Amino acid sequence: MANNSQVRVRFAPSPTGDLHVGNIRTALFDWAYARHTQGKLIFRIEDTDRDRVTDEYIQAAIDTLKWLGLNWDEGPEVGGAYGPYLQSQRLEIYAEWAQKFLDNGDAYHCYCSADELEERRQLQMKNNQAPGYDGKCRDLSNVQIEDYKSKGRKPVVRMRMPQGETVFTDAIRGEVKFEHLYVPDFVLARADGSPLYTLAVAVDDILMKITHVLRGEDLLSSTPRQIRVYQAMGVAESDYPIFAHLPFVMGQDNAKLSKRNGEVSIAWYREKGFLPDAICNYLALLGWSPGDDKENITMQELVDLFTVERVNSSPARFDMKKLEAINGDKIRALSLPDFLDWALPFLMKANVISGSDDEIALVKKALPIIQERIVTLGEIPAMLNFLFVKNFAVDPEEQPKLVEAAAQEVLKVALTKVESLEKWDHTSIEEVLRKALIEELGLKPRIAFSALRIAVTGSHISPPLFESMELLGRDGSISRIKSAISA
RNA sequence: GGCUCCGUCGUCUAGUGGCCUAGGACUCUGGCUUCUCAAGCCAGCUACGAGGGUUCGAAUCCCUUCGGAGCUACCA
């Protein structure tokens with residue numbers, strides 16, 4: 001196996017859509033392994049299928065990795081000695097190798113049409129045979145070739161699989177063996193000369209001197225094809241990369257993660273208000289574990305602890321609840337300046353604030369009292385809206401609770417006490433209200449403060465009442481209590 | 001169908017022959033705390049897919065079986 005001293009891992013997505021949870025978990029492991037070994041992370045775009053990969057998706061993939069903090073050493077935007085890193089810019093390279101394979105007899109031209117192949121496949125299935133290319137064009141005579149050409153047929157390049165078997169050691173699963181009987185000759189390049197995944201991935205991994213291939217389990221059965229290409233390239237077995245096939249991340253119902261059973265696009269989590277560190281922390285726990293009972297880890301701890309040996313081989317189910325729990329932990333651990341930086345864009349986007357200095361100052365004061373009450377940043381606007389809203393109105397569903405006689409009594413007493421307060425801070429407010437409502441009127445705290453809470457914040461669920469009143473200010477609080485009384 | 005991978009609480013996992021009457025986390029349930037909601041604290045529920053071996057001893061090793069997943073493309 002590869003014995004280079006410098007570890008070179010690659011993350012090579014085919015951006016046919018927004019990067020999803022599974023992609024990111026792979027990227028995260030690739031990144032963590034590169035950093036753990038102080039090796040290099042190579043970011044390569046597999047866009048050989050330009051019908052499905054768009055520039056927008058490529059850019060989105062780049063942005064997503066950056067947002068998550070998964071930086072790369074070679075690839076788009078940073079370049080590197082083995083570029084270009086977009087496969088669509090490496091077409092001549094693949095064409096050269098395809099030609100070389102043809103010249104050496106490792107590959108051959110196949111003139112079968114898609115329809116013919118499909119027809120034969122159906123027949124194979126019907127006869128209970130393993131479907132796959134039957135080798136029809138393996139040894140075409142010159143006459144046959146001329147005949148095809150005269151009919152205007154354009155050939156694809158197909159790799160010749162020799163008899164035998166391919167055995168390799170997967171770093172996660174151990175020895176895996178494939179009999180070539182079940183690995184049919186596969187297509188390397190289309191009739192127009194454009195390469196297919198099997199050609200490009202193998203050529204690039206060798207040319208880019210990749211030492212470790214950590215990728216999804218779905219690619220496990222394509223590994224013998226890649227190894228076949230290495231052989232045709234004349235690569236020594238000791239220079240093959242080490243393969244490590246990561247277990248799947250699945251949805252709730254044991255199916256591959258999809259829109260149906262949970263949001264898959266990382267962009268969605270970003271908008272919802274999940275922190276990159278929380279996403280990475282959670283994803284790291286899918287198929288890997290730090291080994292001890294500690295699960296809430298930092299990116300640095302992940303780097304320090306991550307080894308392929310500790311990666312599981314069994315698939316994991318994605319659990320939104322646990323992600324939320326971790327996100328809540330991460331939010332609570334945020335410093336106030338960091339929390340402010342994360343919170344502001346959400347408040348602006350929801351039009352709760354416009355971004356003035358006064359508003360920001362107030363947000364800064366309010367954040368500590370909601371920090372342990374939210375699970376995602378997206379909940380912040382609703383939590384703080386009562387401080388900024390111009391036309392305040394009590395939630396219609398809460399309104400009935402205010403008109404009750406007992407509530408009116410509380411509000412009236414509270415109003416007079418609060419109006420005569422000299423210092424407007426939460427301790428003074430709490431002190432005077434407790435004295436008047438709890439001690440003197442003998443009310444239970446939860447009863448006494450409920451009406452006030454609704455009057456001031458508009459809902460029976462809110463940040464702590466006295467702090468909320470302090471932040472709202474004397475005038476605002478008093479006028480809201482007044483309007484609750486007259487209502 | 002064939003090939004390949006996988007199988008510990010509901011979920012993520014710890015566990016590599018005795019430390020396991022199986023540990024942690026999330027969820028759920030009950031309680032404490034409490035100005036609401038949270039947070040925090042305490043307690044509880046629940047698992048080695050099944051069946052055979054090997055062994056003094058098995059979640060850990062072997063076999064069979066059942067289940068799940070992936071691949072089986074001129075997608076990646």
Side-chain angles (χ1 to χ4, degrees), chain A residues 12-16 46-49 51-53 110 112-114 117-118 121 124-133 154-158 170 172-173 176-179 181-184 186-192 194 196-198 200-201 215-224 245 247-248 250 252 254-256 282 285-296 312-326 328-329 332 370-375 383 430 433-434 437-438 444-450 452-454 457 459-468:
Chain A
S14 180
T16 54
E46 311 232 324
D47 57 345
T48 51
D49 186 354
D51 288 345
R52 297 172 64 214
V53 178
C110 170
C112 298
S113 71
L117 290 172
E118 184 54 32
R121 206 186 335 272
Q124 287 169 325
M125 305 245 267
K126 204 175 133 197
N127 295 337
N128 229 345
Q129 290 174 305
Y133 188 67
K154 293 267 190 273
V156 300
V157 179
R158 204 178 273 279
D170 185 281
I172 292 170
R173 290 151 211 281
V176 184
K177 188 198 303 187
F178 289 88
E179 308 230 1
L181 196 58
Y182 307 110
V183 186
F186 54 98
V187 176
L188 293 167
R190 302 182 178 90
D192 66 3
S194 62
L196 256 36
Y197 170 77
T198 23
V201 71
R215 37 128 78 145
E217 180 187 341
D218 49 334
L219 273 340
L220 183 60
S221 46
S222 84
T223 307
H245 289 92
F248 280 118
M250 300 188 299
Q252 308 298 336
N254 243 10
K256 260 179 112 171
Y282 175 64
L285 265 19
L286 260 29
W288 175 84
S289 86
D292 56 15
D293 289 340
K294 189 181 178 190
E295 290 195 331
N296 189 327
N312 272 85
S313 49
S314 51
R317 240 87 29 189
F318 184 84
D319 181 8
M320 182 74 80
K321 280 280 198 294
K322 185 147 184 177
L323 204 212
E324 287 174 347
I326 290 176
D329 285 342
R332 265 167 255 132
I370 63 164
Q371 190 161 17
E372 67 185 25
R373 275 161 238 276
I374 57 170
V375 156
M383 281 266 180
E430 177 164 11
L433 288 179
R434 275 193 188 280
L437 300 174
I438 313 301
K444 285 200 189 309
R446 63 185 309 135
I447 307 290
F449 300 130
S450 173
L452 268 174
R453 178 187 312 286
I454 294 170
T457 70
S459 167
H460 77 281
I461 298 173
S462 82
L465 178 60
F466 313 114
E467 283 84 345
S468 296

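Every value quoted in this text rests on a predicted model; they were computed, and no experiment measured them. Letters go in sequence order (proteins before strands), and every chain restarts at 1.
In the model, A/Arg453 has no side-chain atom that pairs as donor or acceptor with a side-chain atom of A/Thr457 under 3.5 Å.
Within the 4.0 angstrom heavy-atom criterion, no nucleotide atom of any strand lies near A/Asp170. Base engagement by A/Pro464 is indicated by at least one non-hydrogen atom pair under 4.0 Å involving a base atom. Across all strands, A/Gln124 comes closer than 4.0 Å to no nucleic acid atom at all (heavy-atom distances). Backbone-only engagement by A/Lys177 is indicated by non-hydrogen atom pairs under 4.0 Å involving sugar-phosphate atoms exclusively. Residue A/Gly216 is out of contact with every strand shown, counting any heavy-atom pair closer than 4.0 Å. Nucleic acid contact for A/Pro463: base, since at least one base atom lies under 4.0 Å from a heavy atom of the residue. Among the protein residues, A/Phe186 comes within range of no part of the nucleic acid, since none of its heavy atoms lies under 4.0 Å from any strand.
With sequence neighbours excluded, the residues satisfying salt bridge (charged side-chain N to carboxylate O under 4.0 Å, His left out) with A/Arg434 are A/Glu430. Taking the side chain to side chain donor-acceptor pair (under 3.5 Å) definition, one finds that A/Asp49 meets it with nothing, sequence neighbours left out.
A straight line from NZ of A/Lys322 to P of B/rC26 spans 7 Å, rounded to a whole angstrom. Between the C1' atom of B/rC3 and the CZ atom of A/Arg173 lies a distance of 15 Å, rounded to the nearest Å. Nucleotide B/rU11 holds its P atom 12 Å from the OH atom of A/Tyr282, rounded to whole Å. Summarising the geometry, the separation between CD1 on A/Ile172 and P on B/rA69 is reported as 21 Å, rounded to the nearest angstrom. One interatomic measurement links the two molecules: CD of A/Glu217 to P of B/rC71, which rounds to 10 Å at whole-angstrom precision. Straight-line distance from the CG atom of A/Leu220 to the P atom of B/rG68: 20 Å, rounded to whole Å. Between A/Arg434 atom CZ and B/rU34 atom P there is a gap of 10 Å when expressed in whole angstrom units. Counting to the nearest Å, the P atom of B/rC35 and the CZ atom of A/Arg373 are 12 Å from each other.
Between B/rC20 and B/rA14, the distance separating the two C1' atoms is 11 Å to the nearest Å. Here, B/rA22 and B/rC41 have their C1' atoms 25 Å apart, quoted to the whole Å. Look at the C1' atom in both B/rC62 and B/rA69: the space between them is 25 Å, to the nearest Å. When the C1' atom is used for both B/rU27 and B/rC9, the distance is 11 Å, rounded to whole Å. Rounded to a whole angstrom, the distance from the C1' atom of B/rA47 to that of B/rA38 is 31 Å.
If you check distances only, the side chain of A/Arg317 never reaches the base of B/rC12 with a donor-acceptor pair under 3.5 Å. Remark: the A/Glu372 side chain and the B/rG40 base include no donor-acceptor N/O pair separated by less than 3.5 Å. The base of B/rC35 sits with one of its N or O atoms less than 3.5 Å from a complementary donor or acceptor on the side chain of A/Arg453.
Look at B/rC61: its Watson-Crick or wobble partner, with both distances under 3.5 angstrom, is B/rG53. Partner assigned to B/rC66 is B/rG7, using Watson-Crick or G-U wobble distances below 3.5 angstrom. When both distances must be under 3.5 Å, the Watson-Crick or G-U wobble mate of B/rG44 is B/rC28.
The shortest distance between the side-chain N/O atoms of A/Ser289 and the OP1/OP2 oxygens of B/rA14 is below 4.0 Å. Phosphate proximity of B/rA14 to A/Asn312: present, with a side-chain N or O under 4.0 Å from OP1 or OP2.
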Pull out every protein N or O sitting under 3.5 Å from an N or O of nucleotides 72-76 of chain B, one pair per line with the distance.
{"residue": "B/rU72", "atom": "O2'", "partner": "A/Pro131", "partner atom": "O", "Å": "2.9"}
{"residue": "B/rA73", "atom": "OP2", "partner": "A/Arg121", "partner atom": "NH1", "Å": "2.9"}
{"residue": "B/rC74", "atom": "N4", "partner": "A/Cys112", "partner atom": "O", "Å": "3.1"}
{"residue": "B/rC75", "atom": "OP1", "partner": "A/Arg190", "partner atom": "NE", "Å": "3.4"}
{"residue": "B/rC75", "atom": "OP2", "partner": "A/Arg190", "partner atom": "NE", "Å": "3.2"}
{"residue": "B/rC75", "atom": "OP2", "partner": "A/Arg190", "partner atom": "NH2", "Å": "2.8"}
{"residue": "B/rC75", "atom": "O2'", "partner": "A/Asp49", "partner atom": "OD2", "Å": "3.0"}
{"residue": "B/rC75", "atom": "O2'", "partner": "A/Arg52", "partner atom": "NH1", "Å": "2.2"}
{"residue": "B/rA76", "atom": "OP1", "partner": "A/Thr48", "partner atom": "OG1", "Å": "2.6"}
{"residue": "B/rA76", "atom": "OP2", "partner": "A/Tyr197", "partner atom": "N", "Å": "2.9"}
{"residue": "B/rA76", "atom": "O3'", "partner": "A/Glu46", "partner atom": "OE1", "Å": "3.4"}
{"residue": "B/rA76", "atom": "N6", "partner": "A/Arg225", "partner atom": "NH2", "Å": "3.1"}

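The side chain to side chain contact (heavy atoms under 4.5 Å, CB included) test with A/His245 singles out one residue from A/Ile172, A/Asp218, A/Thr223, and that residue is A/Thr223.
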